Amino acid sequence: MGLATRRQFVQEAAFAAGALCTFPSGILAQAMPKGGNQPSLDSAAIRKFASAIGGQVIVSGSSEYESSRMVFNRAFDQRPAMIVRPSAAADVARALDFAQRQHLPVAVRGGGHSRAGFGGCDGGVVID
C-alpha cells in the first residue's frame, strides 16, 4: 500500500474522530478521570503501542512534552498522558483503540487553536 495523500489522511482522520463522537456519553464518562485521579498507564503498553505506529508518541518526561502539550489558549493547562503524532490514518485508528482499551479520554488537536480548549485533555491521549 502506498503513502496516503494529505487529503486522504485528513479525511480518514476526520472519519475516525467523528466515530469517536458517536460513543454513548456513558462510555466517555467512564473514561474520564474522577476526583483528580489520573489513570495509570503501563509503560510496557505504551512502548508496545509506540512500536506499532509509524508516527511519534510523546510522554511526560520526554524533552518535547512541555512544548507539545501547549495550546493556543493558555487558560487550558492540560497534561495528557501521551501525545500521538500519527503519520498515517492507521496510526489514528491504533491511537483510538489504545485509548479505548486503556479507558482514557481522547482529544483531537488540529493546530491547537480551540478557544474552548478541546485540543487537549488531562491524563488522556491527544492525537495531534
Side-chain angles (χ1 to χ4, degrees):
M1 179 175 180
L3 292 174
T5 65
R6 180 184 171 109
R7 176 175 286 171
Q8 290 170 323
F9 174 76
V10 170
Q11 287 174 338
E12 291 178 19
F15 177 75
L20 191 72
C21 293
T22 63
F23 282 133
S25 59
I27 291 174
L28 291 178
Q30 291 172 6
M32 299 298 288
K34 294 178 179 71
N37 295 332
Q38 299 295 333
S40 61
L41 285 178
D42 178 22
S43 60
I46 294 172
R47 282 192 303 275
K48 182 178 178 183
F49 166 72
S51 69
I53 68 167
Q56 182 181 19
V57 176
I58 303 167
V59 295
S60 179
S62 70
S63 62
E64 301 166 75
Y65 180 78
E66 287 301 317
S67 62
S68 298
R69 72 177 185 84
M70 300 307 263
V71 293
F72 170 76
N73 188 347
R74 301 295 175 150
F76 298 97
D77 185 23
Q78 298 165 320
R79 298 184 172 279
M82 65 187 210
I83 301 162
V84 179
R85 291 189 173 150
S87 65
D91 290 352
V92 174
R94 286 186 180 104
L96 292 171
D97 182 55
F98 178 83
Q100 185 178 19
R101 283 185 284 114
Q102 298 292 324
H103 306 289
L104 298 172
V106 174
V108 178
R109 180 169 51 211
H113 291 90
S114 170
R115 294 223 180 256
F118 295 131
C121 62
D122 281 320
V125 176
V126 170
I127 300 173
D128 188 3

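Being a predicted model, the structure only gives us computed values, none of them experimental. Residues take their numbers from the sequence shown, with the count starting at 1.
- There is no path of hydrophobic side-chain contacts, each under 4.5 Å, that joins I83 to L104.
- The side-chain heavy atoms of P80 and V125, taken from C-beta on, include no pair separated by under 4.5 Å.
- Considering only heavy atoms from C-beta on, V57 comes within 4.5 Å of F49 through its side chain.
- To the nearest 0.5 Å, atom CG of residue L96 and atom CZ of residue R101 are 11.0 Å apart.
- Considering every non-hydrogen atom in both G55 and D91, the closest pair reads N-OD2, 2.9 Å.
- In this structure, the side chains of C121 and V126 come closer than 4.5 Å at one or more pairs of heavy atoms.
- Looking only at side-chain heavy atoms (C-beta outward), Q102 and M82 stay at 4.5 Å or farther from each other.
- The closest side-chain heavy-atom distance from Q56 to S87 is not below 4.5 Å.
- Clustering ILVMFWY residues whenever any of their side-chain heavy atoms sit less than 4.5 angstrom apart, transitively, puts F98 in a cluster other than the one holding Y65.
- Taken from OG in S68 to CZ in R109, the straight-line distance is 7.0 Å, to the nearest 0.5 Å.
- Exactly one residue among I53, I58, D128 makes a side-chain contact (heavy atoms from CB on, under 4.5 Å) with V84. That residue is I53.
- Residues I46 and I127 share a hydrophobic cluster, clusters being chains of Ile/Leu/Val/Met/Phe/Trp/Tyr side chains in contact below 4.5 Å.
- R69 and S60 share no side-chain donor-acceptor pair at under 3.5 Å.
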